[in-house]
Number of protein chains: 2
Amino acid sequence: MKGYDTMNIYDVSAKAGVSIATVSRVLNGNQSVSAKTRDKVLRVMDELGYTPNVFARGLGLNTMKTIGIMCTDSSDMYIANAIFYLQRELRNNGYDSMLCCTGGNLSSKQQSLELLMSKRVDAIIIVGSKFLSSNPDSDDNRYITDAAASLPIFLINGHLAGHNIYSIICNDYAAVYSVTSEMIKSGRTDIVYLYTSTSHSGLNKLMGYKDALSANDIEVRPNFIHLCTKNIIRAKEYLTHLHDSGEDFDAVITSDDSLAVGAVKYALASRISIPDELSIVGYNDSMLAICTEPEITSIDTRLEELCTTAVDRLMKVFSGSESESGETVIPANLVKRGTTDF
Amino acid sequence: MKGYDTMNIYDVSAKAGVSIATVSRVLNGNQSVSAKTRDKVLRVMDELGYTPNVFARGLGLNTMKTIGIMCTDSSDMYIANAIFYLQRELRNNGYDSMLCCTGGNLSSKQQSLELLMSKRVDAIIIVGSKFLSSNPDSDDNRYITDAAASLPIFLINGHLAGHNIYSIICNDYAAVYSVTSEMIKSGRTDIVYLYTSTSHSGLNKLMGYKDALSANDIEVRPNFIHLCTKNIIRAKEYLTHLHDSGEDFDAVITSDDSLAVGAVKYALASRISIPDELSIVGYNDSMLAICTEPEITSIDTRLEELCTTAVDRLMKVFSGSESESGETVIPANLVKRGTTDF
DNA sequence: TTGTATGCGTTATCAA
DNA sequence: TTGATAACGCATACAA
């Protein structure tokens with residue numbers, strides 16, 4: 001007993017003694033069906049275990065009520081959470097989702113997008129700023145703007161200009177600027193910045209750090225800024241190296257909790273007290289932030305709001321009540337824990 | 001400029017001066033087309049930017065080349081990783097995936113399964129033992145065995161008996177039995193076991209712990225076994241409580257890395273040295289295991305192998321070369337780190 | 001309120 | 001090797 005049953009609208013119509021048009025009307029909640037007829041049809045559908053065939057439906061309507069979700073790597077905790085929220089919200093609005101994890105390779109991204117489009121998804125949501133090329137001059141994002149001619153493209157935590165392209169982003173610049181300023185106000189001056197990515201979002205954060213220093217007349221020191229891979233070990237190693245080479249620093253701000261964990265591990269290994277001698281700030285407020293002792297002060301980027309907002313806007317685009325492309329910005333939120341004393 | 005272009009097989013046939021049947025043959029790589037005709041058709045397709053309509057195709061073939069993936073919560077790191085691997089493997093085999101995160105609610109699970117089936121997915125992969133009801137006597141898993149009448153159901157890290165149901169699981173019992181034995185052999189006798197779930201897999205692990213104790217003539221003490229939610233804090237609290245109530249223990253084995261992190265935090269807070277005074281073992285070998293200082297010895301459940309094996313078997317089922325339902329068991333692997341001294 | 005007829009874009013069967 | 005044509009299951013414009 002394999003494969004789907006192949007009950008169709010004709011079977012229902014025959015058994016119910018009505019036309020297929022009437023069955024179809026019942027199926028689609030059309031009002032102009034008498035209650036009596038409707039009940040009969042519904043009863044027959046139930047008896048027969050009938051389920052409508054999505055292909056036939058899609059053929060006429062040319063939509064599957066399905067949204068494509070693309071990301072580079074769904075095992076990244078931040079992205080995994082986004083997928084969860086998006087999927088839940090879409091479902092609440094009667095849409096399903098089809099997931100594509102592409103990896104970092106450009107041609108693989110292009111291929112995935114083509115694949116989703118060949119499945120006739122109704123829109124595409126791209127999660128994570130790393131998905132996009134951060135070089136605005138290159139043609140590397142061209143395939144996305146091209147696709148936007150056919151269907152709405154939403155970017156969660158990413159930015160791309162273009163018609164039919166919608167960005168929902170967290171105010172990363174303001175978040176880092178603000179926490180850096182607070183750090184300075186609390187008396188720290190030698191603040192290291194560790195980051196993971198040169199994406200649009202990554203560069204915004206970095207700029208927030210730099211500008212906050214400048215605004216307080218603190219010199220921006222190149223060796224206090226370091227690009228790590230998203231990796232606990234690398235962060236720990238770099239700080240150890242910095243320390244061993246005689247540099248003094250009393251705070252570390254990071255673009256990801258994993259790097260902050262690395263900073264904590266560096267301090268523990270070097271017998272440096274947290275937060276007295278070293279203050280540490282993470283980013284994303286993930287589970288990693290509460291794994292260490294002390295637990296890590298972290299910037300909550302309000303991912304859930306980003307996702308619900310994206311789906312809300314998408315539904316508005318579908319209903320025609322929103323047509324303006326552009327950015328929606330959501331402010332971040334600082335969660336204070338044991339690695340800071342302000 | 002919205003919506004998909006609607007080039008079809010007729011446009012191609014007209015422009016190429018052949019029948020739609022011939023176009024279809026070219027599309028499907030049918031051999032009985034002359035090279036000359038094939039080239040012409042391909043050229044026209046390219047010029048027109050034609051892409052076949054999946055709905056029309058699905059209507060005839062009744063398949064979308066899409067696999068449904070179900071889980072309770074894709075933001076769980078273990079599951080997020082599984083989704084990543086599955087999606088990659090399926091893609092390599094020409095299949096796409098449709099994700100459904102259901103939450104823990106039974107009716108929501110049933111609804112999701114119906115939804116996936118209504119989209120005519122070709123098979124369903126269920127990830128995580130928590131998805132299933134662990135009560136074999138209840139009818140709570142009935143909807144799954146029913147669905148198996150229509151399409152193959154695969155379980156990653158879950159078990160359910162039934163025709164057309166395939167389980168790919170890690171040998172959790174053996175893994176915990178083995179690490180507990182090793183712990184005992186290294187001289188520990190007062191071993192606490194913390195676990196997160198009473199799923200099939202969860203109970204197997206617990207049994208491994210109990211049996212290892214019994215095999216070494218060590219008493220199984222009820223208060224040394226504790227069910228936490230998957231939560232760092234709860235684990236820490238319970239151990240603190242145990243310690244404060246005067247119980248002596250020299251090892252903690254857990255069913256999840258998060259609980260092991262809690263154990264480490266307990267030890268740090270109570271100034272108990274690791275691993276000298278307290279030895280700790282985690283489970284799943286996730287990123288959490290390397291967040292703490294010292295890093296946590298953890299059981300690698302070979303999730304990637306589980307996933308690739310599942311997809312391999314699925315493809316065999318599709319090709320008809322595998323028809324036997326049943327379990328595939330993959331052994332776990334102990335990754336030794338700083339929280340143990342054996 | 002209900003029914004009839006047609007189109008949607010393929011694949012597959014049968015003839016030529 | 002090709003072409004004509006019949007499914008495939010549904011939605012919908014138009015008739016009744």
Side-chain angles (χ1 to χ4, degrees), chain A residues 3-45 48-66 94 117-122 150, chain B residues 3-45 48-66 94 117-122 150:
Chain A
Y4 290 96
D5 290 347
T6 174
M7 282 292 156
N8 63 27
I9 205 171
Y10 291 93
D11 299 322
V12 177
S13 82
K15 182 148 184 186
V18 298
S19 74
I20 63 161
T22 300
V23 176
S24 179
R25 289 190 187 98
V26 171
L27 220 46
N28 294 285
N30 189 312
Q31 291 306 311
S32 56
V33 180
S34 74
K36 196 170 141 191
T37 310
R38 175 189 316 284
D39 288 348
K40 187 169 54 184
V41 170
L42 286 175
R43 199 167 48 244
V44 170
M45 281 181 177
L48 263 44
Y50 164 80
T51 46
N53 181 308
V54 281
F55 300 132
R57 180 175 275 170
L59 188 53
L61 303 178
N62 212 35
T63 164
M64 250 311 236
K65 297 275 269 181
T66 300
M117 290 181 69
S118 80
K119 299 276 180 183
R120 294 292 196 274
V121 295
D122 302 302
S150 301
Chain B
Y4 291 95
D5 288 349
T6 175
M7 283 289 158
N8 63 26
I9 207 170
Y10 290 93
D11 298 322
V12 177
S13 82
K15 184 148 183 186
V18 298
S19 73
I20 61 160
T22 300
V23 176
S24 180
R25 289 190 189 100
V26 171
L27 219 46
N28 294 284
N30 188 312
Q31 291 307 310
S32 56
V33 180
S34 74
K36 198 171 141 190
T37 309
R38 175 189 318 282
D39 287 348
K40 188 169 53 184
V41 170
L42 287 174
R43 199 167 47 243
V44 170
M45 282 180 177
L48 261 45
Y50 163 80
T51 47
N53 181 307
V54 281
F55 299 130
R57 181 173 275 172
L59 188 53
L61 304 179
N62 211 34
T63 165
M64 252 309 233
K65 295 277 270 182
T66 300
M117 289 182 69
S118 80
K119 299 276 180 183
R120 294 293 196 275
V121 295
D122 301 301
S150 301

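Order of the sequence lines fixes the chain letters, A, B, ..., with proteins taken first and strands second; residue numbering starts at 1 for each chain.
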Pairwise side-chain contact, B/K15 with B/L48, heavy-atom cut-off 4.5 Å (strictly under): yes
Taking B/N8 for the side chain and B/Y10 for the main chain, is one N or O donor matched with an acceptor at less than 3.5 Å? yes
Along DNA chain C (nearest heavy atom to each residue), the more 5'-positioned of B/F55 and B/A21: B/F55
Closest nucleotide among D/dA11, C/dT10, D/dT2 to the B/Y50 side chain: C/dT10
Would you say A/T22 reaches C/dT2's phosphate, i.e. side-chain N/O to OP1/OP2 under 4.0 Å? no
Could you check whether A/V18 gets within reach of a base, just the sugar-phosphate, or nothing at all, counting any heavy atom under 4.0 Å? sugar-phosphate
Name the nucleic acid region contacted by A/I20, choosing base, sugar-phosphate or nothing; use a 4.0 angstrom heavy-atom cut-off, strictly under. base
Does a nitrogen or oxygen in the side chain of B/N8 sit under 4.0 Å from OP1 or OP2 of C/dG9? yes
For D/dT2, take OP1 and OP2 only and decide whether either is under 4.0 Å from a side-chain N or O of B/S32. no
Could you check B/A56 against A/R25 and say which one's nearest nucleotide on DNA chain D is further toward the 5' end? B/A56
Does a nitrogen or oxygen in the side chain of B/T37 sit under 4.0 Å from OP1 or OP2 of D/dT2? yes
Minimum side-chain heavy-atom gap A/M117-B/T51 below 4.5 Å: no
Just the rounded figure in Å: distance from C1' of C/dG9 to CG of B/L48. 15 Å
Determine yes or no for a side-chain-to-main-chain donor-acceptor pair under 3.5 angstrom, with B/N30 supplying the side chain and B/S32 the backbone. yes
Within the structure, does a side-chain N or O atom of B/N53 lie under 4.0 Å from either OP1 or OP2 of C/dC8? no
Among D/dG3, D/dC10, D/dA11, which nucleotide sits nearest the side chain of A/S24? D/dA11
So does B/Y10 get a side-chain nitrogen or oxygen closer than 4.0 Å to the phosphate oxygens (OP1/OP2) of C/dG7? no
OP1 or OP2 of D/dT1 under 4.0 Å from side-chain N/O of B/S34: no
